[in-house]
Amino acid sequence: MSRYNAREVEPKWQKTWEDGNVFRAEIDRSKPKYYVLEMFPYPSGKIHIGHGRNYVMGDVVARFKRAAGFNVLHPMGWDAFGLPAENAAMEQKVHPGKWTYANVETMKSQLKLLGLSIDWSREFATCDPAYYKHQQKMFIDFYKHGFVARKEANVNWDPVDHTVLANEQVIDGRGWRSGALVEQRKLTQWFFKIADMAEELLTAIDDLDRWPDKVRLMQRNWIGRSEGARVTFTLTDPKHKSLEVFTTRPDTLFGASFCAISPDHPIAQDLASKNKALVDFIAECKRIGTTEAAIETAEKMGFDTGIKAKHPFVEGQTLPVYIANFVLMEYGLGAIFGCPAHDQRDLDFARKYGLPVIPVVIPDGENPKTFTVGKEAYVGDGKLFNSDFMDGMSVPDAKRAVIKKLEAMKAGTGTVTYRLRDWGVSRQRYWGCPIPMIHCTACGVVPVPDKDLPVKLPEDATFDQPGSPLERHPTWKNVACPSCGKPARRDTDTMDTFVDSSWYFARFCDNTATLPTNKEAVDYWLPVDQYIGGIEHAILHLLYSRFFTRAMKASGYAGVSEPFAGLFTQGMITHETYKDPDGKYLFPEEVERRDDMAVKRGTNHRVTIGAVEKMSKSKKNVVPPEAVADTYGVDAARWFMMSDSPPERDSEWSDSGIEGAWRFVQRVWRIVGEAAPALPAPGAPAPASFSPAALELRQVAHRTIVAVTEGLERFRFNTSVARMYEFVNFLADYKPAGADGHWALREALEILVVLMNPMVPHLAEECWQALGHKALVVHTAWPKADPALTRQDTVTIAIQVDGKRRDEITMAKDADAKAVEAAVLALETVVKAIDGRRVKKVIIVPNRIANIVVER
RNA sequence: GCCCUCUUGGCGGAACUGGUAGACGCAACGGACUUAAAAUCCGUCGUUCGCGAGGACGUGCCGGUUCGAGUCCGGCAGAGGGCACCA
């Protein structure tokens with residue numbers, strides 16, 4: 001019996017599958033369809049283990065579903081536009097397209113190495129004009145259907161490089177290359193009007209029952225529906241007569257001690273036009289950056305405008321109006337009233353500027369005369385006080401009452417707002433899908449006519465200077481207005497790459513369609529039955545795709561509203577990060593461990609070991625899969641990736657453990673090879689009866705079918721693996737005797753091979769052949785467990801006395817509770833544990849546990 | 001700061017829906033086989049007390065609910081993800 005040689009065996013079967021077009025998917029209405037999709041990769045250079053786990057997981061599902069009788073679609077493509085290609089262009093003087101396609105080549109061969117059951121005929125890259133042409137077409141259709149708007153938004157501006165920076169490129173408020181303090185600039189940009197769809201996207205979450213609850217919750221929170229009120233304050237300023245604010249706590253209006261508006265609020269902007277101090281203040285607010293995290297963690301700052309707002313209910317009471325850095329223009333109305341006693345941010349602000357803190361809600365049981373708010377705002381439930389007509393009301397009653405009163409006075413109205421903002425899609429970059437719009441001084445914004453699509457990126461762009469290559473290209477932007485024919489200019493922005501990934505799953509249904517989608521194909525294949533990807537995409541990518549699919553449906557390109565019926569979010573693969581003395585990241589293979597320290601390989605340079613973080617190219621903490629596959633074979637790597645961590649959990653990559661997977665591969669091969677010569681022919685009729693040993697083997701085999709199948713269905717790949725280990729351990733000890741024993745062994749080995757096929761498909765084919773089969777395992781149906789063999793006749797019941805385990809007893813399954821009680825109380829160990837005390841209660845949980853509660 | 005997770009032996013983890021904590025794998029240790037090594041096979045493996053039978057403790061920490069909590073509730077700590085221009 002020769003050793004299993006993965007290097008020879010694996011390419012052989014990959015060729016067999018490829019030559020036979022085994023994974024080509026076609027519409028076939030005689031079978032139920034199953035669309036399994038892993039989030040497609042950005043071609044950053046190389047596949048790492050984190051990707052590998054994702055794709056192997058999807059492949060296990062695809063192969064399992066195929067065996068279970070489904071018509072499976074399992075495609076792959078490339079999320080090929082993005083910032084790293086442009087950075088590479090600047091650093092390495094290589095065109096982004098060339099860089100990207102080179103990476104695609106590398107990564108495709110790596111994926112092929114993994115033996116994935118992918119229909120490669122459907123492959124495409126989003127940077128191909130044949131793909132983005134359709135995206136431009138849909139952009140225009142969405143524009144015509146009212147899903148697109150044009151408005152101003154803030155961007156990070158690097159004043160030295162004259163470039164718009166991504167949030168990632170802003171480090172501690174400075175540009176990553178220039179080191180200049182980043183400013184915010186307003187630009188007019190294109191938006192998808194996702195906010196208009198907030199309610200629809202929110203309520204539809206209820207029906208996504210095959211999505212993880214945590215993702216549904218995150219999306220709900222992101223959309224952030226909140227009921228509240230708009231309140232109009234009359235201002236003392238001669239120019240600005242009134243201020244409208246949004247609040248979720250109108251009930252606390254009597255506790256208001258100030259109003260605050262965003263630095264972007266029109267009133268703030270107007271006041272700044274004649275106030276130098278205010279200009280400086282706003283500039284300082286802007287320096288914090290555009291990210292919510294930065295704004296929320298920054299120290300609260302306010303600028304007193306001197307304007308006063310009149311309290312709507314209290315005659316003569318006025319509130320100072322501040323401009324404050326923590327008020328976002330994008331949320332609500334960009335203006336609030338502050339009630340420090342019942343909002344932490346307002347409290348921090350009030351303490352800093354010496355504003356009054358008046359509690360108006362009191363927790364039950366507190367004395368209104370002595371109740372005060374110190375360092376912590378009281379945000380809980382309670383009864384209103386200090387609040388005139390609301391005194392004594394609960395918070396919800398008070399909200400209703402105050403809105404009613406405001407409406408009667410025409411000083412406000414009840415309203416619903418959402419945290420979700422419109423999706424800004426304009427990017428001042430080269431390597432993206434050009435926005436197919438033309439700006440004409442006479443006609444305004446004019447869409448590019450269909451016949452002129454695609455608007456292709458110019459090949460001869462330059463990357464040797466900062467700024468937008470499209471903007472500075474000498475000729476590209478000059479174009480005749482499609483409407484009046486006079487000279488006009490193209491939009492020089494490209495689309496956010498999230499647009500590319502918001503519909504690729506629909507294009508996979510037919511990547512040759514002349515329209516963006518082929519209606520017959522999308523109606524057949526969509527929605528994706530099982531979508532698999534990292535939890536880091538739980539909000540943006542998934543929400544954008546849900547929006548985009550709805551917009552496609554409205555434009556006639558899709559028949560469904562929800563793109564992903566089932567979602568599995570896998571945990572991230574993490575690894576330590578390493579930095580050399582210059583602070584540059586190092587790859588793990590560049591690092592050498594010496595005792596307690598780490599040094600750069602081949603040198604004595606001390607390496608700093610940083611945090612354990614998700615594998616990413618920018619941090620270099622990646623492990624390529626080939627190293628593992630070269631040594632142990634792809635199947636061992638696949639098996640190991642599925643065996644250790646539960647897939648939804650983050651896990652830190654370690655090299656130990658892969659040897660165990662390799663031993664498993666060898667062991668299965670040895671067991672099959674040693675047994676094969678003595679087995680009956682494939683398909684031999686079953687003997688009439690079985691010896692006890694043969695029967696036990698059959699029971700173990702059939703119980704393994706049940707357990708492994710359930711594990712795969714529930715994405716518990718690691719427990720399926722454990723059950724197969726147990727099965728193999730049992731098989732290794734099994735000594736067949738007689739014809740029945742050999743028949744049972746063939747049955748068991750065939751079950752094992754088919755069950756392990758989704759995870760170790762090359763080994764499975766090789767074993768299947770060794771067992772005398774001519775057909776491929778990939779064409780073999782999933783085994784069905786025989787209920788007569790999986791039935792359990794006896795059970796072990798644990799016995800507790802006062803909740804402490806004392807003994808166990810084997811009983812017939814579903815034995816009568818009275819019989820169990822009698823048997824348990826008769827046991828010597830139990831009598832001893834009771835020790836003569838009075839038995840208060842006996843709890844019998846059928847087939848599980850007996851607990852005897854005694855007097856203490 | 002806000003939202004969402006996670007925390008079980010030396011390590012990865014198992015434990016259906018509140019019912020025998022530690023399946024399975026890794027590492028380690030002891031032994032068999034071998035001239036030797038590799039491979040393979042057998043065994044031990046949460047902590048602690050005990051010669052032993054057996055007992056006590058034990059699922060990040062503090063508290064609660066329950067006959068019974070890794071699992072449910074409240075609080076705390078640590079780690080990770082997201083926060084709208086990384087993908």
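Residue numbering restarts at 1 for every chain, and letters A, B, ... go by the order of the sequence lines.
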Colleague: For A/Arg345, is there an ion pair with A/Asp348 - N to carboxylate O distance below 4.0 angstrom?
Modeller: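 No, A/Asp348 and A/Arg345 are not salt-bridged.
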Colleague: Using the P atom on both, measure B/rG54 against B/rC67 and round to a whole Å.
Modeller: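 Each nucleotide's P atom is 31 Å from the other's.
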Colleague: Can you check side-chain contact (heavy atoms from CB on, under 4.5 Å) on A/Asp343 and A/Arg249, steps first, answer last?
Modeller: CA-CA 9 Å; A/Asp343 183 284; A/Arg249 293 297 301 274; over 6 Å; no
Colleague: Is a donor from one side chain sitting under 3.5 angstrom from an acceptor on the other, for A/Ser501 and A/Tyr42?
Modeller: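 Absent: no donor and acceptor within the cut-off.
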Colleague: Any side-chain N or O of A/Asn718 under 4.0 Å from OP1/OP2 of B/rA14?
Modeller: yes
Colleague: Using the C1' atom on both, measure B/rG50 against B/rA28 and round to a whole Å.
Modeller: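 To the nearest whole Å, 26 Å.
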Colleague: For a quick check, tell me whether the side chain of A/Arg429 and the base of B/rC85 share a donor-acceptor pair closer than 3.5 Å.
Modeller: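 Result: at least one qualifying N/O pair found.
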Colleague: Between A/Ser262 (side chain) and A/Leu328 (backbone), is there a donor-acceptor pair under 3.5 Å?
Modeller: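 Between the backbone of A/Leu328 and the side chain of A/Ser262 there is no qualifying donor-acceptor contact (under 3.5 Å).
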Colleague: Sort out the partner of B/rC2 for me: Watson-Crick or G-U wobble, both distances under 3.5 Å, none otherwise.
Modeller: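 Matched B/rC2 with B/rG82 under the 3.5 Å cut-off.
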Colleague: Strictly by modelled atom types, are A/Asp158 and A/Ser178 linked by a side-chain donor-acceptor pair under 3.5 Å?
Modeller: yes
Colleague: Counting side-chain heavy atoms from CB outward, which of B/rA84, B/rG1, B/rU5 is closest to A/Leu217?
Modeller: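 Closest of the options to the side chain of A/Leu217: B/rU5.
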Colleague: Taking the nucleotide of RNA chain B with the closest heavy atom to each, which residue, A/Lys832 or A/Glu808, is nearer the 5' end?
Modeller: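 With A/Lys832 and A/Glu808 compared, the 5'-side residue is A/Glu808.
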Colleague: State which of B/rU20, B/rA87, B/rG19 makes the closest approach to the side chain of A/Leu83.
Modeller: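 Ranking B/rU20, B/rA87, B/rG19 by closest atom to the A/Leu83 side chain puts B/rA87 first.
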Colleague: Quick check for you: among B/rC85, B/rA23, B/rA84, whose closest atom lies nearest to any side-chain atom of A/Asn156?
Modeller: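 Closest nucleotide among those given: B/rC85.
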Colleague: Roughly how many Å apart are B/rG78 and B/rG60, using the C1' atom of each and rounding to a whole number?
Modeller: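 So the two C1' atoms sit 8 Å from each other.
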Colleague: Nearest whole angstrom, please: distance from the P of B/rC67 to the CG of A/Leu825.
Modeller: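 Between P of B/rC67 and CG of A/Leu825: 19 Å.
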Colleague: Identify which nucleotide among B/rG81, B/rA87, B/rG68 has an atom closest to any side-chain atom of A/Asn851, counting heavy atoms from C-beta outward.
Modeller: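 Nearest nucleotide to the side chain: B/rG68.
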Colleague: Hey, could you give me the CD1/CG distance between A/Ile47 and A/Asn103, rounded to the nearest 0.5 Å?
Modeller: 10.5 Å
Colleague: Whether A/Glu710 and A/Arg716 form a salt bridge (side-chain N of Lys/Arg under 4.0 Å from carboxylate O of Asp/Glu) is what I want to check.
Modeller: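 Looking at A/Arg716 and A/Glu710, the cut-off is not met.
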Colleague: Counting only side-chain nitrogens and oxygens, does A/Arg806 get under 4.0 Å of the OP1 or OP2 atom of B/rG55?
Modeller: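 For B/rG55, OP1/OP2 do have a side-chain N/O of A/Arg806 under 4.0 Å.
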Colleague: Check whether any side-chain nitrogen or oxygen of A/Arg716 sits under 4.0 Å from OP1 or OP2 of B/rA15, and answer yes or no.
Modeller: yes
Colleague: Using the side-chain heavy atoms of A/Val155, tell me which of these nucleotides is nearest: B/rC85, B/rA87, B/rA21.
Modeller: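 Output: B/rC85.
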Colleague: Excluding sequence neighbours, so at least two apart, what forms salt bridge (Lys or Arg N to Asp or Glu O under 4.0 Å) with A/Lys151?
Modeller: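 For A/Lys151, the residues satisfying salt bridge (Lys or Arg N to Asp or Glu O under 4.0 Å) (neighbours in sequence not counted) are A/Asp422.
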Colleague: May I have the distance from A/Ile535 (atom CD1) to B/rG82 (atom C1'), rounded to whole angstrom?
Modeller: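 One finds 9 Å between C1' of B/rG82 and CD1 of A/Ile535, rounded.
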Colleague: Should A/Arg419 be listed as having a side-chain N or O under 4.0 Å from OP1 or OP2 of B/rA84?
Modeller: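 So the side chain of A/Arg419 is outside the cut-off, no N or O lying under 4.0 Å from OP1 or OP2 of B/rA84.
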Colleague: I want to check one thing: is the phosphate of B/rG12, taken as OP1 and OP2, less than 4.0 Å away from some side-chain N or O of A/Ser645?
Modeller: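 So the side-chain polar atoms of A/Ser645 never come under 4.0 Å of the phosphate oxygens OP1 or OP2 of B/rG12.
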Colleague: In terms of side-chain heavy atoms, does A/Asp500 have a donor or acceptor partner in A/Gln135 at a distance below 3.5 Å?
Modeller: yes
Colleague: Is the phosphate of B/rG58, meaning OP1 or OP2, less than 4.0 Å from a side-chain N or O of A/Lys804?
Modeller: no
Colleague: C1' atom, B/rA84 versus B/rC3: distance in rounded Å?
Modeller: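 Their C1' atoms lie roughly 14 Å apart.
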Colleague: P atom, B/rA23 versus B/rG9: distance in rounded Å?
Modeller: 13 Å
Colleague: Over how many whole Å does the gap from A/Ile539 atom CD1 to B/rC85 atom P extend?
Modeller: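 For the pair A/Ile539 CD1 and B/rC85 P, the rounded distance is 13 Å.
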Colleague: Using the glycosidic torsion, which applies to B/rG10: syn (within 90° of 0) or anti (everything else)?
Modeller: anti
Colleague: Which one is paired to B/rC76, where only Watson-Crick or G-U wobble pairs with both distances under 3.5 angstrom count?
Modeller: B/rG60
Colleague: Using the C1' atom as the point on both nucleotides, what is the distance between B/rG58 and B/rC49, in whole Å?
Modeller: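 The same atom, C1', in both gives a distance of 15 Å.
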Colleague: Counting Watson-Crick and G-U wobble pairs only, both distances under 3.5 Å, name the nucleotide matched with B/rU20, or none.
Modeller: none
Colleague: A/Thr719 has a side chain; which of B/rC83, B/rC86, B/rA15 sits nearest to it?
Modeller: B/rA15
Colleague: By nearest nucleotide on RNA chain B, pick out whichever of A/Lys214 and A/Ile843 is the more 5' one.
Modeller: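 Here A/Lys214 is the residue nearer the 5' end.
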Colleague: When you measure only distances, ignoring hydrogens and angles, does the side chain of A/Gln800 come within 3.5 Å of the base of B/rC67 through a donor and an acceptor?
Modeller: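 Result: no qualifying N/O pair found.
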Colleague: Phosphate oxygens OP1/OP2 of B/rC85: is one of them under 4.0 Å from a side-chain N or O of A/Arg427?
Modeller: yes
Colleague: With no hydrogens and no angle check, just 3.5 Å: does a side-chain donor-acceptor pair link A/Thr100 and A/Trp431?
Modeller: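 Distance-only check passes for A/Thr100 and A/Trp431.
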Colleague: Show the distances under 3.5 angstrom between N or O atoms of the protein and N or O atoms of nucleotides 38-44 of chain B.
Modeller:
unit_1, atom_1, unit_2, atom_2, d
B/rC41, OP1, A/Arg667, NE, 3.4

Colleague: In whole Å, what separates the C1' atom of B/rG70 from that of B/rG19?
Modeller: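 B/rG70 and B/rG19 have their C1' atoms separated by 13 Å.
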Colleague: Can you find a donor-acceptor N/O pair under 3.5 angstrom joining the side chain of A/Asn167 to the base of B/rC85?
Modeller: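 No pair found.
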Colleague: Take atom CH2 of A/Trp157 and atom P of B/rC85, then tell me their distance rounded to the nearest Å.
Modeller: 17 Å
